[in-house]
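In what follows, every heavy atom counts, from backbone to side chain, and hydrogens, waters and symmetry copies are set aside.
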Amino acid sequence: MRNLILVDAILSKLDVSLTSETPVCFTVDSDNGHAYISLHEKVVLCDIHSGKILKTLDLLSEGLIKAGDVVVALHYRLDDMSLCIALSHGDIISWNTGGPVMQVEVIGSIAEGIAAMSWSPDGELVVLFTARDCNEPASIYLLVCHGSELEPLTDFTFCTDAFGEAEFVTVGWGKKETQFHGSEGKDAATKKEVIQHGVRTTDDGKPRIRWIGDGRFFAVSAVDDAVGARKIRVWTREGALHSTSESLSGLEQCLDWRPSGNLITSSITNKNKHQIAFFERNGLRHGEFTLPFSIDTVKVREVLWNTESNILCLWLEELNMTKTHVQLWTTKNYHWYLKQALEFHTEDTKPQHISWDQLDATVLYFFSSAGSLTKFTFDWITHANTYSGCDHEVAVVDGKKLLMTPFRVMTVPPPMCAYSLEFTSPVSSLSFCQSENKMAVLLNNGDVATYIFDNKFDLQSDELQKGVTVQAAGGTGFKINSSLPKLSATFKLPEELSSCAYSVRHLNWLSQTLLCLFRSDDSGRSSLCVLSVDEQNSTLRLENEKNVDLVTATCTSKGRLVLQYNDGSVWVYTGNEYSAYQLGNGSNLVFPVACQSIQVCTFDDQEAVVGLSQRYRLFVNDKEIATNCTSFSIHDDFLLLTTHSHTIRCINRATPLNKLSSLSDGKTHIFDETVRRVERGSRIVTCVSDGTSVILQMPRGNLEGIHPRALVLSTVRKMLDRLAYKEAFLLMHRHRINMNLICDHDRKCFLQNVSLFIEQLQSTTYLNQFITDLHEEDVTQSMYTAFYCNRLKDVPPGQVLPNKVDTVCDALISSFQHLNSDKYLLCILTAHVRKSTPQLETALQLIKSLKDINKSEEALKYLAFLVDVNELYDVALGMYDFDLVLMVAEKSQKDPKEYLLFLNHVRKLDSSYQKYTIDYHLKRYSKALSHISNCVPERFTELLSLVKEQRLYLEAMQILPSASQEREEVVLAFADYLHEKKRFEEAGVLYSQASYHQMAVSCFTESGSWQQAIISIQKLSLSSSKRLDLIQKLSEKLKLMRKYMDSATLLEVYAEQPEEAITTLIEGHLWEDSLRLIERYDRADFIDTDWKPAVEECRQQLLSDISGNLTDLLSHKERFLVVLQTNKSKADLIGEEFRDVDADMYSDTSSMTGGSAASTTHTRSTGRTSKNQKKAQRKKWSLKEGSKFEDLALLNEMKKLIERVDKLRDEVRSLLLAMVKVNQLQAATQLQEVYSNALSSAIALVPQVWSSEVVNSSAQLTGENSTVNSILESMAKLNISNSTSNATASAAELEVKRAPIISSDSTWKLSLLQKLM
């Protein structure tokens, strides 16, 4: 869908004299901008841009050529900067132009003379075709180039009877004799096609040699003397004949090989057609296209493919010598388009030689008879109508036709179109007007036609048929589906411009009455021409002309012409003022590199120029935002672009210019819809600027219409803002957008306009779809958060409505009932069902209330569709309405035998027991309990059974009267249940409430609740001995629970046994309390007999524990350091092995390396709690030397020892005070010193073991800049690969690596002992 436009035409006049008969050879040095031209007996080196002759080689004066000899071919060799010159008498000359001194030498010679020369693309081989001789057939020499020397590789004759190594092998199938020939009859099987041999009179008789792009083969077209006609033969680069073309009548002189290698191109003249024919490498025909000329009116001098194989240049001369034509053809979808047709009428302008640039595939060089060198630069552009409200027509140039497709209405794949416009001359350029829905077309003959698009025409109108041929837009007899152009006027270019019509370019509408274009005059100067348009008088008048520099790209915006020079600077022309384009900061806009396409748009209401360079760099003003952009288009809300990574990006035009950043290939957010994958090589043709459609063209030519999610959501938001709910719904329905967006976009506004929403949609199907899609999630903060990124800033948290589904459903139900409850009955049912807690009972009541039986049947059927009919049956049964139950049952697949028996049985029961039976059947046990309670005491047994079965003790206690016997039985049953579950204290409270004090005492004793137990004992009528026995048992239980203080209180107060109380306190190491009772009861004898021995025993035990813990701690520390060093040494070896592996072998998501990796052990979900998982992890840690997790086991054990030592503070202080009281100062001082030293050792050990390398190892493994490779190497170095099951450390491992915290509190020390130390 792209057109080839002329970007510039640089004319350089050489100071030479030529005639049309002067043989001219021409070659270009693209790197240095030089051209080499052979003129008579001279070869000149000139500058392409200025035309200045830099050097001249006079072959005659140098003695290199004789009178009558001519230059056959020129070839510039870039590797040694020399020009290879082939002379007709057989010499091959090398002219080194790179040095200051002219170096000319003969590097080879062919005795027979040279008719043609061609070098291979790699510069290693050269093919020479000798001059024809009456006695000797023409020969072909294949030479090898070694530096500046040419050595013969092989030689052979062109004329041969052999076909070549690609000769076809046939076994007789498919012969003409075996085919069906239809109406021609059987005689056609034996009839042989007569091929008329002979050389055409227009043939120059010269051979042509062309290489394939990769240099593996070369083709030669020459006259075969054996048959007297031209043949095309293909040889390999080794000189072996590969194939011979099939015998064809009318094969002409021109020849070229498409660089991509699939087609050999020539021309053929048949009886009634003049065609460009294509051949495969094996010699078979492979398609053709017909030239737009009558037979025997033109001859094809040359065919030339550009370096990218996408443009075919034809050099044609009319046989009457009046005109020379240069045509540029392209192909898509097996159709050939004539994109440019240049015509030259005078001898001075007719080209003598044409050549493509070898570096820039869109540059074409002409050398004319007048000695002028013209550089034509072309470029690809899509001509799309961007007028507001237009049908977004795209025009495709095809010779004298303009193929039009309105993409807002339809997508018609090329080469077809919606309709076409036909002209009297090939189309040169065109432009759409932005201020009016009009189009201007510039033709090759200098005519300008203007069209206006209108949809009020009749297909049968003569005015319409004159210029428009309707195809896919409706066709004959069908309704036209798009607006069609009407010819407004036809103009002639002013006389000042008609003489150089072939160089007119960059046609633009400046306004409704002004056209702008650029042209080059005979002196090579470029100028901007402004033409006034008078459609009434069909005249164009040159209003203004201004000389300008070389312009490479133009566009129009707001009545201004924006143009870019070849240095990247951007200027603006408004019709009367010409100035540089200024940025917001006041500086002039200059692109870093010249762009081939520019457009003007706004970003956050700031105007900007978007440019795309030939090297796929995309700029917004002077800021580069993409380096791999292949095409772009402007949408009302987005800048659309395709990339080499086969994606289409949508850049929001609400983004401020200063926040535009370079694009990445990936998505910026998990829900980012601005990136979409597209087919490889896709380019944007156009987009519907106010819609959702984007048209892409594939490399092979077919079209694809896509709707990027960003454009769809942007359009939906606009529709919702203007309350166009139906349009938004249909668009969302078509593109599968979550329907919650309708209400989440602006919930407050939606709830205020629910009635409008219903009135617009009307359809119950659409409304039901909306309701069923509702869910609590706010999609603007989840799946569409990228398009509502400012929502959290704009909407206060309190404004977000809770219970969205219920709120919306209630609003819908209210509006349905207000508008038309009968019409929207099904929608009301859907809303009831869709609530967070489905209101099925309400829905069934609504159905039951319907008077129309047919409506109720339909509604119930619909409800059964929404909800499982078995669930609906249970709900109806739970309403205790048997008529409704039967209605629902009829809609189900239930067997009447299953439910009728049950229903008949229930109907016979009294009301409360009937409801109980139903609720129990439906497993609604709480309701069943409330109903069965009305049948007490008659059915208390069933009630108690229900309570025990479903553990409804609390509900039963609340329902039954507080003073009733039935409640006491429930309480007793509850107490038994709690006792069985070993929840003794709660069971004791209920036993006590039920006056079962004996059981209460037992439960309180088991739970250690001695206060509650004493209260229950007091309520029992027991003897003193039995009461004392219970108290002693309770005291022993408290001792087992290490509640020594509570046990001593029981013995002292309630058992009146102070001696036992003192003994209990001493046993619990409660030294202060034991001394208190000793003094109270005057039992000083306990100090020597019990208290002091217990203190000494405790001191010895503490010293032993402290010493043992400290010894183990230091031992584990030494072992840990050894293990750590050993593992580091192993990790270094693994790291070296890892670094030796080629990192490119692994992707960023790979999980395997050259080193070892621990297998995954956590692949199953066990359902364990976090505590149990840590416990199971620690079981794997063993202190056995050399075990897999020894390092973690040592860390875990050291952490336990340190925590154990730290927890002794209170016990040590209590013991120190006791020892001081009995004057054991020396022993107390020793204990304090030992414990203080132990704490100091533990504090000093922590930073040695729990260093940052060990503690933070897991944090160092991962991160946003980490890859799997770096993680695995870090794991090896830190031994994590041997101690974890994956790259992220487990919770247990993280916990053990966290350093223990030792209290800095020193109040446990006795200062009086510190003075003694």
Side-chain angles (χ1 to χ4, degrees), residues 975 978-979 981-1087 1089-1095 1097-1099 1101-1102 1105 1204 1207-1219 1221-1222 1308:
L978 293 174
H979 185 272
K981 295 297 182 181
K982 300 187 182 301
R983 291 150 70 175
F984 296 110
E985 186 173 12
E986 299 174 40
V989 172
L990 292 181
Y991 279 129
S992 178
Q993 184 180 351
S995 300
Y996 277 69
H997 299 297
Q998 187 68 37
M999 288 296 297
V1001 170
S1002 175
C1003 289
F1004 289 137
T1005 301
E1006 288 294 328
S1007 65
S1009 303
W1010 63 274
Q1011 295 93 340
Q1012 298 282 356
I1014 290 297
I1015 295 173
S1016 297
I1017 290 173
Q1018 298 289 350
K1019 293 181 180 181
L1020 290 173
S1021 300
L1022 300 174
S1023 61
S1024 298
S1025 58
K1026 288 185 178 181
R1027 184 181 299 110
L1028 181 60
D1029 185 49
L1030 289 176
I1031 292 173
Q1032 288 178 343
K1033 287 182 178 180
L1034 181 58
S1035 174
E1036 292 298 323
K1037 182 66 176 179
L1038 291 173
K1039 284 183 182 181
L1040 293 176
M1041 299 172 70
R1042 303 186 68 81
K1043 295 182 178 181
Y1044 294 101
M1045 191 65 198
D1046 293 340
S1047 177
T1049 302
L1050 274 176
L1051 293 173
E1052 178 191 4
V1053 177
Y1054 295 100
E1056 298 179 354
Q1057 296 177 349
E1059 295 83 0
E1060 294 296 329
I1062 293 171
T1063 304
T1064 300
L1065 291 174
I1066 294 173
E1067 182 181 348
H1069 296 172
L1070 301 174
W1071 315 113
E1072 298 291 337
D1073 292 308
S1074 61
L1075 286 176
R1076 176 178 57 80
L1077 291 186
I1078 289 173
E1079 291 297 329
R1080 179 178 180 181
Y1081 293 104
D1082 194 20
R1083 294 299 304 272
D1085 54 307
F1086 272 91
I1087 294 178
T1089 58
D1090 295 271
W1091 196 85
K1092 285 185 178 180
V1095 168
E1097 181 182 358
C1098 181
R1099 185 182 73 86
Q1101 185 62 43
L1102 276 176
D1105 291 345
R1204 195 177 302 160
K1207 289 179 180 179
L1208 294 176
R1209 293 171 184 268
D1210 294 337
E1211 187 175 355
V1212 170
R1213 177 178 176 81
S1214 175
L1215 183 59
L1216 290 175
L1217 288 172
M1219 295 173 68
K1221 285 186 177 181
V1222 294
W1308 65 272

Listed partners of [X] passing side-chain hydrogen bond (donor to acceptor under 3.5 Å, both in side chains), at least two apart:
X	value
S1024	none
D1105	Q1101
S1021	none
R1209	D1206

Next on the checklist: By the salt bridge (Lys or Arg N to Asp or Glu O under 4.0 Å) test, which pairs, at least two apart or in different chains, include something from residues 1014-1026?
Outcome noted: none
Checklist entry - Could you give all pairs that pass the salt bridge (Lys or Arg N to Asp or Glu O under 4.0 Å) test and reach residues 996-1005, with sequence neighbours left out? => result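 Every candidate salt bridge (Lys or Arg N to Asp or Glu O under 4.0 Å) pair involving residues 996-1005 fails, so no pair, neighbours aside, qualifies.
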Checklist entry - Out of L1216, D1210, L1215, which one pairs with V1212 under the side chain to side chain contact (heavy atoms under 4.5 Å, CB included) rule? => result L1216
Checklist outcome for this item: Contacts of W1010 meeting ring-ring contact (aromatic ring centres under 6.0 Å, His included) (sequence neighbours excluded), chain-then-number -> none
Checklist entry - How would you list, by chain and number, every residue that makes a ring-ring contact (aromatic ring centres under 6.0 Å, His included) with F984, sequence neighbours excluded? => result H979
Checklist entry - Taking the side chain from R983 and the backbone from L978, do they hold a donor-acceptor pair closer than 3.5 Å? => result no
Using distance only, find each side-chain donor-acceptor pair of residues 985-1006 under 3.5 Å and give its atom names and separation, not counting sequence neighbours.
residue	atom	partner	partner atom	Å
E985	OE2	S1009	OG	3.3
Y991	OH	D976	OD1	2.4
T1005	OG1	V1001	O	2.7

Extract all donor-acceptor atom pairs below 3.5 Å that involve side chains of residues 1054-1065 and protein atoms in other chains or at least two apart in sequence.
residue	atom	partner	partner atom	Å
E1059	OE2	R1083	NH1	2.9
T1063	OG1	E1059	O	2.9
T1064	OG1	K1039	NZ	3.3
T1064	OG1	E1060	O	2.8

Which pairs would a plain distance check flag for residues 1041-1052, meaning a side-chain donor or acceptor within less than 3.5 Å of a matching protein atom at least two apart in sequence or in another chain?
residue	atom	partner	partner atom	Å
S1047	OG	S1035	O	3.2
S1047	OG	S1035	OG	2.5
T1049	OG1	M1045	O	2.9
E1052	OE2	R1080	NH1	2.7
E1052	OE2	Y1081	OH	3.0

Donor-acceptor contacts under 3.5 Å from residues 1067-1077 side chains, at least two apart:
residue	atom	partner	partner atom	Å
W1071	NE1	H1069	O	3.4
E1072	OE1	K1221	NZ	2.4
E1072	OE2	K1221	NZ	3.0
S1074	OG	L1070	O	3.1
S1074	OG	W1071	O	2.7
S1074	OG	W1091	NE1	3.1

